[in-house]
Amino acid sequence: MLPRLSDTIAAVATPPGSGGVGVVRLSGPEALEIAARVWRGHDPRTSPGGRFWHGWVTDPESGDVVDEALLLVFRAPHSYTGQDAVEFQTHGSPAVLRRVLELLLAAGARAAGPGEFTLRAYLNGRMDLAQAESVLAVVEAESETARRQALRGLTRALSQKIEGMSRKLLDLLAHIQALLDYPEEGVEPHEAERVLREVIAEIDRLRATARAGQRVREGARLALVGAPNAGKSSLLNALLGYERALVHHEPGTTRDYLEAPLELEGVPLVAVDTAGVRATDDPVEAAGVARALEAARAADLILYLADRSAPRPEPPELPWKRTLKVATKADLPAAWRDPEAIEVSALTGAGLDALRRAIRERLLGAADEGEVWITHERHLEALNEARAHLEQALGAEDDLMGMSVEAALEALARITGETVDEAVVARIFQNFCVGK
Ligand SMILES: Nc1nc2c(ncn2[C@@H]2O[C@H](COP(=O)(O)OP(=O)(O)OP(=O)(O)O)[C@@H](O)[C@H]2O)c(=O)[nH]1
Ligand SMILES: [Mg+2]
């Protein structure tokens, strides 16, 4: 069940903690009325939309001033939610924000649930469902690439693609219908197969970006493994740009694994430095080696490092499909070469850019930055389903083809939220923060 639109809801929109400014939002039919009760300054009820006023948030019971503030007035439908709405900009103190919210609740507002403002925007037709999901993605974007992709969603780039495909399928459907309804009228045989294949190809282009989309949104784990002294900790530090891990010429320096967050070419990563892998009788070192191999198994991508200036070691068992080979200490004379390995020197920085690019390419595939990426599992599922129906439509009799095309249209429309059930909508908005 979705929450009621007729309540006036309030929430602190800025993150917990202190900041220069804090924002409390209010949206609903009573927004201006409730705001007026706690405001000393220009009466919001007589204010046009799109204006802001200076004044004081005031406790109506005691007359005490809570804070000096700005009040922003939005009038339906020209607001984020499409309803009458008010925003208070106060000083960004947790004590002030809590108090302002308390006063608004006492004055008749209800505490907003997660994502309820954006939910209202969606239900009021201010944005479609894919856009609403992009709002969350923008808020959560941790890297430049993630931000750019989320913004594409916000500006309806994905929605427009979906609508473009849907239009082609609707035309096809109309044609099939005409053939079925007026067989004697000599309706031209349609080019169903061409249209179906065209839309399938468009869907496949989008599906190919899904891995990249998920990676930039959720990040990936990168494990550095190799023999002791291979230069794992040195490479981690070089990628990070600061001395995070202990480096020493003694083999066996890193005993436990350590994790460090890192943004690499627009991809948010957690880099994991591990103990050097070798056979050992030392129980503590053996436990470290076991953890190293565990970290490798859990990683989305493994860097297997081997010292190029020393005899080549026997590699451990690794999932080679998700492993990049790295030859380290490239500033020293080479004892061996491997054309498959990326040569780097943590000391001079040589080869690091090539390594970064290779990591990015392995994690994101060939997805083009200029394209719309699929960033949500939900969208991918809908595309997969639409594709399956279109495959069925290929070569089917007209009436069956029509049914399959209709089913594909229904699946596509779920992405923008034209056909989607309430439970799904409720689940999507549960992931939002309160105040958005
Ligand atoms: N010349 C040169 N020396 C390097 C380079 N990278 C690492 N070293 C040296 O190699 C030694 C081992 O480096 P570490 O980064 O501690 O190696 P590790 O793989 O983390 O070693 P463990 O933690 O013992 O498994 C240190 O003396 C480093 O200074 C490099 O690119 N060039
Ligand atoms: Mg180390």
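Just follow the structure's listing: the first ligand is 1, and inside any ligand the first atom is 1.
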Trainee: Is Lys232 close to ligand 1, meaning an N/O of one under 3.5 Å from an N/O of the other?
Mentor: yes
Trainee: Heavy-atom pairs closer than 4.0 Å: do any link ligand 1 to the side chain of Asp331, the backbone, both, or neither?
Mentor: side chain
Trainee: Record the part of Pro251 in heavy-atom contact with ligand 1 below 4.0 Å; permitted values are side chain, backbone, both and neither.
Mentor: backbone
Trainee: Going by distance alone, is a donor N or O of one side chain under 3.5 Å from an acceptor N or O of the other, for His376 and Glu381?
Mentor: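 Checked: His376/Glu381 side chains show no N/O donor-acceptor pair below 3.5 Å.
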Trainee: With heavy atoms under 4.0 Å as the rule, classify the contact between Asp307 and ligand 1 as side chain, backbone, both or neither.
Mentor: neither
Trainee: If you draw the axis of the six-membered ring of Tyr80, does the NZ or CZ of Lys436 fall within 45° of it and under 6.0 Å from the ring centre?
Mentor: yes
Trainee: With no hydrogens and no angle check, just 3.5 Å: does a side-chain donor-acceptor pair link Ser159 and Asp128?
Mentor: yes
Trainee: Atom 24 (O) of ligand 1: which of Gly349, Gly252, Gly276 has the nearest heavy atom?
Mentor: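 Considering heavy atoms of Gly349, Gly252, Gly276, the nearest to atom 24 (O) of ligand 1 sits in Gly252.
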Trainee: Please determine, by modelled atom types, if Glu263 and Ser143 share a side-chain donor-acceptor pair under 3.5 angstrom.
Mentor: no
Trainee: Could you say whether the N/O atoms of Ala330 and ligand 1 ever approach to under 3.5 Å?
Mentor: no
Trainee: Between the side chains of His389 and Glu410, does any donor sit under 3.5 Å from an acceptor?
Mentor: no
Trainee: Do any nitrogen or oxygen atoms of Ala346 lie less than 3.5 angstrom from nitrogen or oxygen atoms of ligand 1?
Mentor: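 In this structure, Ala346 places an N or O atom under 3.5 Å from an N or O of ligand 1.
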Trainee: I want to confirm something. Looking only at heavy atoms, which of Ala238, Gly288, Ser234 is nearest to atom 15 (O) of ligand 1?
Mentor: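 Considering heavy atoms of Ala238, Gly288, Ser234, the nearest to atom 15 (O) of ligand 1 sits in Ser234.
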Trainee: A cation-pi test, strictly: NZ or CZ of Arg25 under 6.0 Å from the centre of the six-membered ring of Phe88 and no more than 45 degrees from its axis. Yes or no?
Mentor: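 Arg25 over Phe88 ring: no.
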Trainee: Return the option from Leu235, Val247, Leu246 holding the heavy atom at the smallest distance from atom 29 (O) of ligand 1.
Mentor: Val247
